[in-house]
Visitor: 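My questions will all concern the structure given below.
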Amino acid sequence: MTASNTVLTDGFGRKHNYLRISLLEKCNLRCTYCMPAEGIALSPKSSLMTADEIFAIAQTFVKNGVDKIRLTGGEPLLRKDFPEIVSKLSHLDISLSITTNGILIDRHIEVLKQFNVKKINLSLDTLVSSKFHTITLRNQFEKVIDNLHLLLNNDFQVKVNVVLMKGFNDNEIVDFVKLTQFLPISVRFIEFMPFAGNEWDRSKMVSQQEILSLVETQFSSDDIQKLEDEKNFTSRNYKIKGFQGDFGIISSITNPFCDSCNRIRLTADGKIKNCLFSNSETDLLTAFRNGESITDLISKSIQNKKKVRAGMVTMDEMDDPKKHFDNRSMIAIGG
């Protein structure tokens with residue numbers, strides 16, 4: 001094993017080649033599962049990574065084996081220097097993608113094309129305008145739908161992320177699957193996960209089996225095709241025979257994929273999180289600004305990664321709010 005591989009390999013032999021970088025903590029939506037009702041205390045602008053710092057820190061990760069970077073937020077397109085950030089990162093030997101709520105993406109289509117950012121994850125939790133306002137507290141449903149079609153018309157590869165919450169949008173599962181008949185999209189149903197301030201409890205989750213059972217009420221077993229799981233998969237994917245798109249299920253709680261995890265997260269204020277569920281963070285930005293090497297800090301963080309869900313092995317541990325109440329809100333971690 002080379003030195004570069006060693007830095008991003010944890011104690012369980014998992015090699016981490018996928019870095020998710022949050023560009024900021026702000027968002028133009030107020031999704032309740034992501035942001036507490038009272039909002040969050042934003043980090044001062046001076047403590048956020050600049051475009052040059054994002055590039056330099058990303059460069060260190062790439063030198064040590066990262067070949068895939070996703071830009072997240074908050075809403076990453078709110079960064080006024082988003083084009084500059086993409087331009088800088090495009091010089092690295094990586095696959096570059098973004099996660100967005102889609103409201104502003106029409107303004108950046110040409111930038112994304114110019115720097116070959118073709119993979120877009122679009123957050124959309126409902127196909128009903130009134131429910132969109134309920135979950136986001138904003139009237140932007142038509143804008144998101146228009147921009148979804150704009151992306152497809154410009155040949156972007158689009159995944160639609162749907163956070164499922166029982167009693168809110170679980171009755172739309174079949175509608176989302178039917179959307180893949182005519183649109184070449186991948187719909188991913190995501191289990192509701194616990195973060196600070198989002199009032200999570202297990203009763204609000206919709207499991208993989210519940211999703212498949214609902215799909216099976218509308219489609220025959222012969223028409224529901226299981227697709228091969230990708231290497232380092234998060235989503236278990238399916239396709240309805242003859243449909244253009246497909247759908248997948250991301251069940252981090254009930255059916256975790258920790259054994260093949262290859263992901264690292266970098267918060268907007270320059271802290272590395274080795275697991276989405278972990279409340280442990282390592283400050284890279286301060287060290288970087290002090291002129292210190294961050295390679296050893298990265299290596300130590302990766303070595304400290306737990307085998308499963310930041311050490312929460314059982315569902316009883318997941319149910320215990322003391323285990324995750326002091327983690328950041330999702331908006332401050334990065335989607």
Side-chain angles (χ1 to χ4, degrees), residues 7-8 10 14-27 31 33-34 43 48-49 51 53-79 82 85-86 88-90 92-101 112 117-123 157-159 161 163 186 188 190 193 195 230-235 248 250 252 256-258 260-285 294 297-298 301-302 305 309-310 327-335:
V7 170
L8 296 180
D10 68 16
R14 296 173 294 198
K15 297 180 181 179
H16 297 72
N17 67 314
Y18 181 11
L19 176 64
R20 302 172 71 101
I21 304 176
S22 174
L23 299 187
L24 79 175
E25 299 164 352
K26 293 180 180 178
C27 188
C31 300
Y33 59 80
C34 181
S43 301
L48 301 183
M49 295 182 291
E53 289 168 339
I54 289 168
F55 174 73
I57 292 173
Q59 197 170 32
T60 300
F61 279 98
V62 172
K63 285 177 181 176
N64 287 285
V66 161
D67 57 15
K68 181 178 179 181
I69 291 178
R70 176 174 294 279
L71 301 179
T72 70
E75 171 49 50
L77 300 182
L78 285 173
R79 280 277 299 234
F82 177 79
I85 293 168
V86 173
K88 289 177 181 296
L89 293 176
S90 71
L92 300 175
D93 186 16
I94 56 168
S95 167
L96 184 60
S97 57
I98 68 168
T99 294
T100 174
N101 60 34
L112 296 172
V117 182
K118 299 296 290 183
K119 296 180 179 180
I120 312 294
N121 281 17
L122 186 74
S123 299
Q157 299 173 43
V158 180
K159 292 180 178 178
N161 289 344
V163 175
S186 293
R188 286 123 54 88
I190 302 172
M193 292 180 284
F195 298 102
E230 300 173 352
K231 182 183 178 184
N232 307 118
F233 72 92
T234 59
S235 177
I250 300 177
S252 308
F257 36 81
C258 302
S260 61
C261 183
N262 66 335
R263 293 155 195 80
I264 322 158
R265 291 172 184 269
L266 185 64
T267 63
D269 57 349
K271 295 180 173 63
I272 180 176
K273 288 178 73 76
N274 61 26
C275 175
L276 181 59
F277 292 107
S278 176
N279 55 13
S280 176
E281 302 176 351
T282 301
D283 185 356
L284 301 185
L285 183 58
I294 61 173
L297 291 173
I298 294 170
S301 175
I302 298 298
K305 185 167 183 169
R309 290 181 307 216
N327 195 2
R328 296 193 192 210
S329 299
M330 189 64 193
I331 191 169
I333 295 173

Visitor: Within the supplied structure, the quantity of interest is the number of heavy atoms (other residues, nucleotides, ligands) at a distance under 6.0 Å from Lys118 NZ; does it exceed 12?
Guide: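 More than 12 within 6.0 Å, yes.
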Visitor: Find out whether Asp67 and Phe61 are in side-chain contact, i.e. whether some heavy atom of one side chain is under 4.5 Å from a heavy atom of the other.
Guide: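 No, every pair of side-chain atoms sits at 4.5 Å or beyond.
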Visitor: Does Gly65 offer a backbone N or O that forms a donor-acceptor pair with the side chain of Asn17 under 3.5 Å?
Guide: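 A pair under 3.5 Å: no.
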Visitor: Going from CZ on Arg20 to NZ on Lys68, what distance comes out if it is rounded to the nearest 0.5 angstrom?
Guide: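 Arg20 CZ to Lys68 NZ: 8.0 Å, rounded to 0.5 Å.
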Visitor: For Leu89 and Ala58, which heavy atoms make the closest approach, and how far apart are they?
Guide: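 Shortest heavy-atom contact: CD2-CB, 3.8 Å.
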Visitor: Taking C-beta and beyond as the side chain, do Lys231 and Ser260 meet within less than 4.5 Å on heavy atoms?
Guide: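 No. Closest side-chain heavy atoms not under 4.5 Å.
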Visitor: Ignoring hydrogens and geometry beyond distance, is a side-chain donor-acceptor pair present between Arg70 and Thr99 at under 3.5 Å?
Guide: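 Looking only at side-chain atoms, Thr99 and Arg70 do form a donor-acceptor pair, the distance falling under 3.5 Å.
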Visitor: How close do Ser22 and Gly74 get, counting heavy atoms only, and between which atoms?
Guide: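 Heavy atoms of Ser22 and Gly74 come nearest at OG-N, 4.5 Å.
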Visitor: Which atom pair, heavy atoms only, marks the closest approach of Val117 to Ser97?
Guide: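 Taking Val117 first and Ser97 second, the nearest heavy atoms are CG1-CA, 4.0 Å.
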Visitor: Could you tell me whether the side chain of Arg79 reaches within less than 4.5 Å of the side chain of Ile54, counting heavy atoms only?
Guide: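 The answer is yes, as the side chains (C-beta and beyond) meet within the 4.5 Å cut-off.
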Visitor: Which heavy atom of Ser43 sits nearest a heavy atom of Leu48, and at what distance?
Guide: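 So the minimum-distance heavy-atom pair works out to CB-CD2, 3.9 Å.
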Visitor: So, taking the atom named OH in Tyr18 and the one named CD1 in Ile69, what distance separates them when rounded to the nearest 0.5 Å?
Guide: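 So the gap between those two atoms works out to 10.5 Å.
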Visitor: Between the main-chain N or O of Ile264 and the side-chain N or O of His16, is there a donor-acceptor pair closer than 3.5 Å?
Guide: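 Checking the backbone N and O of Ile264 against the side chain of His16, no donor-acceptor pair under 3.5 Å is found.
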Visitor: Going through the distances and angles, do Leu8 and Lys15 end up as a side chain to side chain contact (heavy atoms under 4.5 Å, CB included)?
Guide: CA-CA 6 Å; Leu8 296 180; Lys15 297 180 181 179; over 6 Å; no
Visitor: How many angstroms lie between atom CD1 of Ile298 and atom CG of Leu266, to the nearest 0.5 angstrom?
Guide: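 Ile298 atom CD1 to Leu266 atom CG measures 8.5 Å (nearest 0.5 Å).
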Visitor: Between CG of Leu297 and OG1 of Thr282, what distance do you get to the nearest 0.5 Å?
Guide: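 So the gap between those two atoms works out to 6.5 Å.
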Visitor: Where the side chain of Asn274 meets the backbone of Ser301, is there a donor-acceptor pair that is under 3.5 Å apart?
Guide: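 It does hold such a pair.
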Visitor: Is Arg14 reaching over with its side chain to a backbone N or O of Cys258, donor-acceptor style, under 3.5 angstrom?
Guide: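 Side chain of Arg14 to backbone of Cys258: a pair is present.
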Visitor: Could you go through Leu285 and Lys271, starting from their C-alpha distance and side-chain angles, then the distance that decides it, and tell me whether this counts as side chain to side chain contact (heavy atoms under 4.5 Å, CB included)?
Guide: CA-CA 7 Å; Leu285 183 58; Lys271 295 180 173 63; over 6 Å; no
Visitor: Check step by step if side chain to side chain contact (heavy atoms under 4.5 Å, CB included) holds for Leu71 and Val86.
Guide: CA-CA 9 Å; Leu71 301 179; Val86 173; 4.1 Å; yes
Visitor: Going by distance alone, is a donor N or O of one side chain under 3.5 Å from an acceptor N or O of the other, for Thr100 and Glu75?
Guide: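 Result is yes, a qualifying pair exists.
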Visitor: Taking ring-ring contact (aromatic ring centres under 6.0 Å, His included) as the definition, give me every residue that meets it alongside Phe82, ordered by chain and number, with sequence neighbours left out.
Guide: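 For Phe82, the residues satisfying ring-ring contact (aromatic ring centres under 6.0 Å, His included) (neighbours in sequence not counted) are His108.
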Visitor: Between Glu25 (side chain only) and Ala268 (backbone N and O only), is there a donor and an acceptor less than 3.5 Å apart?
Guide: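 No; zero donor-acceptor contacts below 3.5 Å.
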Visitor: Mind checking whether Ile57 and Ile21 have side chains closer than 4.5 Å, heavy atoms only?
Guide: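 Ile57 does not reach Ile21 side chain to side chain.
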Visitor: Does the side chain of Leu19 come within less than 4.5 Å of Ile94's, by heavy atoms?
Guide: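 Side-chain contact under 4.5 Å: no.
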Visitor: Roughly how far, to the nearest 0.5 Å, is CD1 of Ile120 from CG of Asn161?
Guide: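 Those atoms lie 12.0 Å apart.
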Visitor: Give the minimum heavy-atom separation between Lys305 and Cys261, together with the two atoms involved.
Guide: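 Smallest interatomic distance, heavy atoms only, reads NZ-SG, 3.1 Å.
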Visitor: Output the distance between atom CG (Asn121) and atom OG (Ser186), rounded to the nearest 0.5 Å.
Guide: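 The distance works out to 9.0 Å.
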Visitor: Mind checking whether Leu92 and Phe55 have side chains closer than 4.5 Å, heavy atoms only?
Guide: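 Yes. Closest side-chain heavy atoms under 4.5 Å.
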Visitor: On a heavy-atom basis, which atom in Ser235 and which in Gly248 lie closest, and how many Å separate them?
Guide: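 Nearest heavy atoms, Ser235 then Gly248: OG-CA, 3.3 Å.
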